[in-house]
Amino acid sequence: MTEYGPRPVDRRLPTEEARDLMTLVRELIEREIRPAAAEEEDAGRFPRETFTLLSESGLLSLPYAEEFGGGDQPYEVYLQVLEELAAARLTVGLGVSVHTLACHALAGYGTKQQRADHLPAMLGGGLLGAYCLSEPSSGSDAASLTTRATREGDNWVIDGTKAWITHGGVADFYTVLARTGGPGARGITAFLVPGDAEGLTAAAPERKMGMKGSPTAQLHFDGVRVPDSRRLGDEGQGFTIALSALDSGRLGIAACAIGVAQAALDEALGYVAERQQFGRPLADFQGLRFMLADMATQIEAGRALYLAAARLRDAKQPFSKEAAMAKLFCTDTAMRVTTDAVQLLGGYGYTADFPAERYMREAKVLQIVEGTNQIQRMVIARHLAGPESH
């Protein structure tokens, strides 16, 4: 029989520096993340010390400028690092993606003074960020958010509730979108809010189907005061900033999805190579071989799609449509591949003794976060056929 089993992903990285970085990431994963991932997820334990280590190792700052403590790596490289982290533990991979998203507004729209004051600590100073856009009654329809920031002299006073916040209650800073003007997208402004701001409280974390180690919680803003120096971009520019961040964030989710799918395929390959039925390894049965071939093909297609979008971003070309396509395809792929992995493991796949069931539960949320896949289809269709008529 042909030898089957997990193999490291053959990555086509653009530089020797990027190849060294990937070696560092894989060593860190095997030493610090993978060994305890299943146990910590089952216990619902948030790995804050892992994020501190990632910060110290320069892995929370990869796509940002070196002058502010960033790694100055192209998105093509950053996303492949993210994929490796997510394959080992989605709580960590998604957490890095969310932190990167939370830094986007300041890095892209902050003044030079704001960036100098805050970015070094956010990128490499052990801090962890979160992104506050969704609300209890405005998820997909983000432009209808109601959290309000009212100007009082040189300060803003924020009141309202944010929902579904990854790292809610444990983050050191929040990028917050709040209404400063009239209804609709043009009345929204972005703010950088410290995690320990007076009047800011977090509800108990949501009880989720998967990603139990990653806290997701509502945040309540009750008269939270922030100086105008923490306003990011112009008044009314917040929704534009949010959409720009989400385009990049969707690529992060796509990479995480392929990481989870790859982990599920690796688990299935290892199992069918060892498990025997009817006197033969499972890997010898054509029906199962075809399943494995389909899983691997979908993963490679998803990886190629998110990397193509990343290269557009790196070349400073429009990539919004491609980001939506990558998020849609890669997360749907993760759901299919993880479901097939459970099937390939049979009864063992349905037990918590093997990680396949965890991958399947984790894959589901990736079809929802950073814009549901129904929203991605709307975005793609608008690029193809123009906006809907009303």
Side-chain angles (χ1 to χ4, degrees), residues 5-6 8-9 25-26 28-51 54 82-98 164 166-167 170 205-217 252-275 282 291-292 295-296 298-299 302-303 330-370 373:
V9 175
V25 169
R26 286 173 169 168
L28 185 149
I29 284 170
E30 296 306 321
R31 186 177 67 249
E32 304 289 345
I33 299 175
R34 197 186 306 279
E39 180 183 350
E40 293 196 349
E41 281 300 315
D42 188 53
R45 184 174 180 274
F46 178 62
R48 181 57 198 253
E49 68 284 354
T50 298
F51 287 99
L54 292 174
L82 211 55
E83 183 193 326
E84 295 271 347
L85 292 170
R89 187 178 179 187
L90 183 58
T91 284
V92 175
L94 187 71
V96 173
S97 181
V98 166
W164 309 113
T166 301
H167 301 158
V170 300
E206 305 288 351
R207 298 169 61 227
K208 306 193 299 286
M209 181 166 75
M211 288 195 68
K212 297 179 181 179
S214 176
T216 304
I253 298 303
C256 285
I258 293 303
V260 172
Q262 184 69 57
L265 174 60
D266 289 346
E267 178 69 16
L269 280 169
Y271 182 82
V272 300
E274 296 179 5
R275 176 75 167 171
L282 288 181
M291 287 178 69
L292 293 167
M295 293 159 74
Q298 291 164 27
I299 289 170
R303 185 175 290 125
C330 292
T331 59
D332 280 354
T333 290
M335 197 69 243
R336 284 192 300 270
V337 168
T338 56
T339 301
D340 283 348
V342 169
Q343 187 71 20
L344 281 164
L345 268 68
Y348 291 113
Y350 201 67
T351 71
D353 295 326
F354 290 78
E357 60 84 29
R358 172 164 63 89
Y359 299 145
M360 183 178 172
R361 289 185 288 106
E362 290 176 341
K364 183 65 232 177
V365 77
L366 299 176
Q367 294 178 302
I368 298 170
V369 297
E370 304 279 359
N373 282 6

Original post:
Stepwise, does the side chain to side chain contact (heavy atoms under 4.5 Å, CB included) test hold for Thr351 with Glu357?
Top reply: CA-CA 7 Å; Thr351 71; Glu357 60 84 29; over 6 Å; no
**OP:** Determine, step by step, whether Leu282 and Tyr271 satisfy the side chain to side chain contact (heavy atoms under 4.5 Å, CB included) criterion, reporting the C-alpha distance in whole Å, the side-chain angles of both residues, the deciding distance to 0.1 Å, and the verdict.
**Re:** CA-CA 8 Å; Leu282 288 181; Tyr271 182 82; 3.8 Å; yes
**OP:** Test Leu85 against Leu94 for side chain to side chain contact (heavy atoms under 4.5 Å, CB included), laying out the working first.
**Re:** CA-CA 8 Å; Leu85 292 170; Leu94 187 71; over 6 Å; no
**OP:** Test side chain to side chain donor-acceptor pair (under 3.5 Å) on Arg336 and Thr339 and set out the steps.
**Re:** CA-CA 5 Å; Arg336 284 192 300 270; Thr339 301; over 6 Å; no
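Closest approach of Ala261 and Ile299 over heavy atoms only: O-CD1, 3.5 Å. Considering all non-hydrogen atoms of both residues, Val92 and Pro47 come closest at CG2-CG, 4.2 Å. Shortest non-hydrogen contact noted between Pro215 and Val170 is CG-CG2, 3.8 Å. Summarising the geometry of Ile29 relative to Glu84, their closest heavy-atom pair is CD1-O, 3.4 Å, with the distance given to 0.1 Å. In this structure, Met295 and Asp340 approach most closely via the heavy-atom pair SD-CB, 3.8 Å. In terms of heavy atoms, Ala264 sits closest to Tyr359 at CA-CD1, 3.7 Å.
Heavy-atom contacts from other residues, nucleotides or ligands closer than 6.0 Å to CD of Gln343 number 12 or fewer. The local environment of CD in Glu49 is crowded, with over 12 non-hydrogen atoms from other residues, nucleotides or ligands closer than 6.0 Å.
The closest side-chain heavy-atom distance from Arg26 to Val9 is below 4.5 Å. When side chains are defined from C-beta on, Leu90 counts as touching Leu366, because their heavy atoms get closer than 4.5 Å.
The only member of Glu30, Glu40, Glu32 that meets salt bridge (charged side-chain N to carboxylate O under 4.0 Å, His left out) when paired with Arg89 is Glu40.
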For residues 206-213, dump all side-chain donor-acceptor pairs below 3.5 Å to protein atoms at least two apart in sequence or in another chain.
| residue | atom | partner | partner atom | Å |
| --- | --- | --- | --- | --- |
| Lys208 | NZ | Met211 | O | 3.1 |
| Lys208 | NZ | Ser214 | O | 2.5 |
| Lys208 | NZ | Thr216 | OG1 | 3.2 |

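Expressed to the nearest 0.5 Å, how far CD of Glu362 lies from CD of Glu41 amounts to 5.5 Å. A distance of 12.0 Å separates CD in Gln367 from CD1 in Ile253, rounded to the nearest 0.5 Å. We find the CG-CD distance between Leu269 and Glu274 to be 11.5 Å, quoted to the nearest 0.5 Å.
Relative orientation of the Phe51 and His167 rings is perpendicular, given thresholds of 30° and 60° on the angle between their planes.
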